[in-house]
**Q** 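One structure follows; several queries about it will come next.
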Amino acid sequence: MTRQGFSILVCSDPELIKDRVADLLQGSDFAARMFWGDEELSARYWQTLTVPSMMGPPNAVILRRAQDQPDEFWSRLEPLLAMARPSVWPMFCFEGEWKSGKPNVAKSVTKGKYWAVAQKRGWIWEHPGLSRANIGQELDRFAARHGIGLGPGVKKILAESLPLTTIALRNELEKIL
């Protein structure tokens with residue numbers, strides 16, 4: 001997989017965001033550097049985002065809960081995202097609840113130049129989170145990962161009764177194992 005200039009991940013389920021970050025980084029030499037948007041970002045965040053790693057692997061600078069950042073953050077970020085830096089991979093994770101089946105991302109973000117670039121290049125990943133309609137896919141992945149088969153009746157009962165947050169779902173499935 002070719003590394004993206006930056007990545008925008010939009011999903012209300014934190015566990016699915018975590019899975020997507022792991023998928024993106026799999027097979028790369030990038031080291032994950034995690035920061036949290038619901039906390040004040042330190043100078044270390046900006047340094048990790050702007051200064052290439054001289055020693056060690058390149059940095060994937062992951063901002064979880066990015067939706068909690070103020071508008072000024074996004075305008076400050078715009079010129080940084082315009083620069084190509086092969087040793088820094090910014091990732092922004094929007095983990096807020098969706099409204100009416102659509103992502104709830106602030107206009108200050110979606111109106112930015114970087115959002116249009118990310119859309120054009122396919123650098124935005126959106127997932128609505130688990131629902132009764134798509135929980136079967138997660139059940140299939142779990143069964144395949146553990147080499148077990150779920151009969152149609154069992155799968156239907158599980159899909160109708162298990163919780164719709166990935167971490168809770170996986171905890172319940174681990175109990176079944």
Side-chain angles (χ1 to χ4, degrees), residues 1-130 138 141 164-171:
M1 172 183 206
T2 305
R3 171 191 136 12
Q4 302 172 359
F6 57 92
S7 299
I8 297 174
L9 314 177
V10 186
C11 181
S12 62
D13 190 321
E15 195 70 12
L16 292 176
I17 291 267
K18 188 174 135 188
D19 289 352
R20 182 61 181 166
V21 167
D23 289 346
L24 287 171
L25 293 177
Q26 186 174 6
S28 78
D29 58 346
F30 281 82
R33 307 287 182 230
M34 193 79 60
F35 297 89
W36 295 91
D38 54 359
E39 300 171 355
E40 187 173 332
L41 291 176
S42 66
R44 187 172 148 259
Y45 172 79
W46 294 104
Q47 180 179 5
T48 307
L49 187 64
T50 57
V51 178
S53 176
M54 298 300 196
M55 308 288 279
N59 291 318
V61 185
I62 304 155
L63 181 60
R64 299 287 306 265
R65 301 201 51 77
Q67 74 276 4
D68 293 338
Q69 286 301 299
D71 292 348
E72 304 83 54
F73 170 83
W74 300 106
S75 41
R76 181 178 178 189
L77 191 64
E78 197 161 292
L80 296 174
L81 295 180
M83 298 184 298
R85 292 183 326 266
S87 63
V88 178
W89 184 354
M91 294 186 192
F92 305 98
C93 306
F94 293 87
E95 302 174 46
E97 291 299 317
W98 288 33
K99 292 186 179 171
S100 303
K102 295 185 180 199
N104 184 22
V105 180
K107 288 196 187 310
S108 60
V109 176
T110 59
K111 297 297 181 198
K113 292 178 186 174
Y114 47 85
W115 186 270
V117 168
Q119 275 187 320
K120 182 180 175 185
R121 296 189 178 167
W123 295 348
I124 299 175
W125 174 81
E126 294 177 341
H127 192 292
L130 290 182
E138 187 67 27
R141 277 192 290 277
L164 292 177
T165 58
T166 305
I167 191 79
L169 172 69
R170 289 177 182 169
N171 285 339

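In what follows, residues are counted from 1 in the order of the sequence shown.
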**Q** Below 4.0 angstrom, N of the basic side chain to O of the carboxylate: do Lys102 and Glu126 qualify?
**A**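 Glu126 and Lys102: not salt-bridged.
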**Q** From Leu49 CG over to Arg33 CZ, what is the distance, rounded to the nearest 0.5 angstrom?
**A** 13.5 Å
**Q** How close do Ala118 and Ile124 get, counting heavy atoms only, and between which atoms?
**A**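 Nearest heavy atoms, Ala118 then Ile124: CB-CG1, 3.6 Å.
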**Q** Please name the pair of heavy atoms, one in Glu95 and one in Pro14, separated by the smallest distance, quoted to 0.1 Å.
**A** OE1-CB, 3.6 Å
**Q** Grab the two heavy atoms, one from Ser87 and one from Ser53, that are nearest each other, plus how far apart they are.
**A** OG-N, 4.4 Å
**Q** Is it true that Asp19 and Arg141 make a salt bridge, defined as a side-chain N closer than 4.0 Å to a carboxylate O?
**A**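 No, this pair does not count.
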**Q** Using the ring pair (Phe, Tyr, Trp, His ring centres under 6.0 Å) rule, pick out the option among Phe35, Trp123, Trp74, Tyr45 that qualifies with Phe92.
**A** Trp74
**Q** Provide the closest heavy-atom pair for Gly96 versus Ser12 in the form atom of the first, atom of the second, distance.
**A**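 Of all heavy-atom pairs spanning Gly96 and Ser12, the closest is O-CB, 3.4 Å.
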**Q** Kindly determine whether Ile8 and Val109 satisfy side-chain contact (heavy atoms from CB on, under 4.5 Å), including the steps that lead there.
**A** CA-CA 11 Å; Ile8 297 174; Val109 176; 5.6 Å; no
**Q** Can you list the steps and then say if His127 with Arg20 is a side-chain contact (heavy atoms from CB on, under 4.5 Å)?
**A** CA-CA 10 Å; His127 192 292; Arg20 182 61 181 166; over 6 Å; no
**Q** In the structure I gave you, are the side-chain heavy atoms of Phe30 and Leu24 within less than 4.5 Å of one another anywhere?
**A** no
**Q** Give a yes or no on whether the backbone of Ile17 and the side-chain of Arg64 come within a donor-acceptor separation of less than 3.5 Å.
**A** no
**Q** Roughly how far, to the nearest 0.5 Å, is CG of Leu25 from CE of Met91?
**A** 4.0 Å
**Q** Is any side-chain heavy atom of Arg85 closer than 4.5 Å to a side-chain heavy atom of Leu80?
**A** yes
**Q** Determine whether the aromatic ring centres of Phe73 and Trp46 lie less than 6.0 Å apart.
**A**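 Under 6.0 Å, so yes.
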**Q** How far does CD of Glu72 sit from OG of Ser108, to the nearest 0.5 angstrom?
**A**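 The CD atom of Glu72 sits 9.0 Å away from the OG atom of Ser108.
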**Q** Could you tell me the separation between the OG1 atom of Thr50 and the CE atom of Met83, rounded to the nearest 0.5 Å?
**A**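 If I round to the nearest 0.5 Å, the distance is 7.5 Å.
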**Q** Between Asp13 and Thr166, is any side-chain donor less than 3.5 angstrom from a side-chain acceptor?
**A**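 Yes, a side-chain donor-acceptor pair sits under 3.5 Å.
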**Q** What's the separation between atom SG in Cys11 and atom CG in Leu130, rounded to the nearest 0.5 Å?
**A** 8.0 Å
